[in-house]
> 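Below: one structure in structure tokens.
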Amino acid sequence: MKPMTKSPLQIARASYQPKLPASLKGNVVLKEGAATESVADQADIKALFPNTYGMPVISFEPGEKKEYPVKNVGVILSGGQAPGGHNVISGIFDGLKALNPANKLYGFLGGPSGLVDHKYMELTKEIVDEYRNTGGFDIIGSGRTKLEDEAQYEKGAEICEKLNINAIVIIGGDDSNTNACVLAEYYAQHNRNIQVIGCPKTIDGDLKNDWIETSFGFDTACKVYSELIGNIQRDANSAKKYWHFIRLMGRSASHITLECGLQSQPNITIISEEVEAKNMTLTDVVDEIVNVIVHRADHGMNFGTILIPEGLIEFIPAMKKLISELNDLLAHNDDFNALDTDDEKRQYVKGLLSPDSAKVYRDLPKGIARQLTLDRDPHGNVQVSLIETEKLLIEMVAKRLATLKASGVYKGKFASINHFFGYEGRCAIPSNFDADYTYSLGYTAAVLISENRTGYMASVRNLTSPATEWIAGGVPITMMMNMERRHGKMKPVIQKALVKLDGAPFKYFAANRAAWADESLSYVYPGPIQYYGPTEVCDLPTRTLLLEKE
Ligand code: FBP
């Protein structure tokens, strides 16, 4: 047998032709809606974005053939990986070449820092072809550098001038698209003749609104995690001896956990936004879990599955206060960094916290307390992916069950296994939905650029219909903005979309969770993503999207 360089699926997938909305299959004409307003703080946003505020929403329709001037474009991948990033790039490439074969595409390397540090490569057909329909961001790499000061914008303008780049596409989440908008406004104000277009990326699913139905990558990541959860459930139901505590990525919002809950119907799904709304303590969360475990044990079922959102602890009010105090206390703290041992660090921190937070900190298991003081990300936030909340909950649940056992209330056996799913799905081969959606987003960005637009996010809507009926166009980024306090200052930012407790996906989950928790078996086994086969299996969007559109 010959050694393999690519799997059979990799080879077959390279020739998959992503589906496009009908309007993008031929010549395009732009239809403009009415002038727009930001979601809140209109006067402030308008004053900060005089050139890019109020622009109309754009949708594309089939039109007459048109000659477009030559455009050179630079693309940046920003933040965490999400399945489909490579297809955004191939969509931009194909769109640009279709609109004018002389157009060129450059990739800035390693994220936004590539623009500032002038690290780039030209993306040719040979290179782009290698990455079609693949997961990952390795074609040009990604990074989390924030574009936030004029010196960076000027360095960007310098390289654009050198390469004759007329437009930049920033593929990122809410913060990166906020940066895209600020950059678009800066270049417009300073007559730099550089357009900036954003593209909605993040597996977390928290960049969405009335115009952006979902961010790309959410679909694939949730399908991968749901497959794994389903497999675990089948094992749990076969062995009947373990409780599986499964933490799922999603830095802040619980969309991933909710979607995986809807797809696999585990016994318990914790939603951070609900925990916060009900002002629950960590003990309340533990009690809810314990109640289900005791109930199932009474029916002879000493096994089950529990989904835990990665961001949970930041939504528990007392923990949120502790984390915020730690963020301030540890920012550029050389004294803390100079301490050698974990014990010294623990003592140091305890001495400086408020009495309430010091108590919460003292009561935490040592390992978790240490994780809370690890390095912050470039935005100064605790890196929740490094905090093993599932282990914290296991420890607390085990303690509570031991007490209940001693008093005779609990007669079961408790054995647990912990899991964390995040990196398993972030670079998966994109599902058909994500492959089609991202390619369409990239193609849309190319049209917006050729039509000289700036300060827009590429948008593809009507996503629960077949791809040919999708509506492509652009939404002014200022329209999604409001003012929020960040690091002590009011800043214009895109509103982050948390799970809405009055939204259809959560309501559906809330109406069904009691049945999924009890002793009957409601597990669903989603199985692996299917790339070839009947459309109702292969092209299905997420349950979140279906419920939101129902
Ligand atoms: P983005 O918001 O940049 O898309 O990243 C999402 C995410 O995958 C989160 O779910 C997770 O908390 C975080 O990135 C982890 O990032 P890193 O691996 O850089 O620590």
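Note that ligands are numbered from 1 as they come in the structure, with each ligand's atoms numbered from 1 the same way.
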> Using a strict cut-off of 4.0 Å, indicate which atoms of ligand 1 neighbour a heavy atom of R251.
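Near R251, meaning under 4.0 Å from one of its heavy atoms, ligand 1 has 9 (C), 10 (O), 12 (O), 13 (C), 14 (O).
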
> Establish, yes or no, whether the cationic atom of R13 lies under 6.0 Å from the six-membered ring centre of Y16 and within 45° of the ring axis.
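Because its charged atom sits under 6.0 Å from the ring centre and within 45° of the axis, R13 does stack over Y16.
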
> With the threshold set at 4.0 Å, does a side-chain nitrogen-carboxylate oxygen contact exist between E325 and K321?
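Looking at E325 and K321, the cut-off is met.
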
> Nearest protein heavy-atom contact for atom 12 (O) of ligand 1: which residue, which atom, what distance?
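Ranked first by proximity to atom 12 (O) of ligand 1 is E310 OE1, 2.6 Å.
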
> In terms of atom number and element, which parts of ligand 1 are under 4.0 angstrom from non-hydrogen atoms of G250?
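It comes down to these atoms of ligand 1: 10 (O).
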
> Out of D204, L248, D175, I203, indicate the one that has the non-hydrogen atom closest to atom 9 (C) of ligand 1.
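Going through D204, L248, D175, I203 one by one, D204 has the nearest heavy atom to atom 9 (C) of ligand 1.
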
> Give the residue and atom name of whichever protein heavy atom lies nearest to atom 18 (O) of ligand 1, and the separation in Å to one decimal.
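In this structure, atom 18 (O) of ligand 1 has Y423 OH, 2.7 Å as its nearest protein heavy atom.
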
> Could you verify whether a donor N or O on one side chain and an acceptor N or O on the other, from E148 and Q152, lie under 3.5 Å apart?
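Side chains of E148 and Q152: no pair found under 3.5 Å.
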
> State the atoms of ligand 1, each with its element, that fall below the 4.0 Å cut-off from a heavy-atom position in G79.
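Close to G79: 3 (O).
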
> Only heavy atoms count here, so choose which of K201, R144, Q81 is nearest to atom 14 (O) of ligand 1.
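Result: the heavy atom closest to atom 14 (O) of ligand 1 is in R144.
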
> Among protein heavy atoms, which lies nearest atom 8 (O) of ligand 1, and at what distance?
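Sorting protein heavy atoms by distance from atom 8 (O) of ligand 1 puts R426 NH1, 3.0 Å first.
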
> Indicate, with yes or no, if the rings of Y153 and Y186 have centres closer together than 6.0 Å.
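Yes.
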
> Validate the cation-pi geometry between K345 and F336: distance from NZ or CZ to the six-membered ring centre under 6.0 Å, angle to the ring axis within 45°.
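Yes, K345 sits over the ring of F336.
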
> Enumerate the atoms of ligand 1 whose separation from the nearest heavy atom of T202 is less than 4.0 angstrom.
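So the atoms of ligand 1 that pass are 1 (P), 2 (O), 4 (O).
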
> Check for a donor-acceptor pair, side chain of Y120 on one end and backbone N or O of G114 on the other, with a separation under 3.5 Å.
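No; zero donor-acceptor contacts below 3.5 Å.
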
> Taking the side chain as every heavy atom from C-beta outward, state whether I170 and I197 have any atom pair closer than 4.5 Å.
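No, too far: nothing below the 4.5 Å cut-off.
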
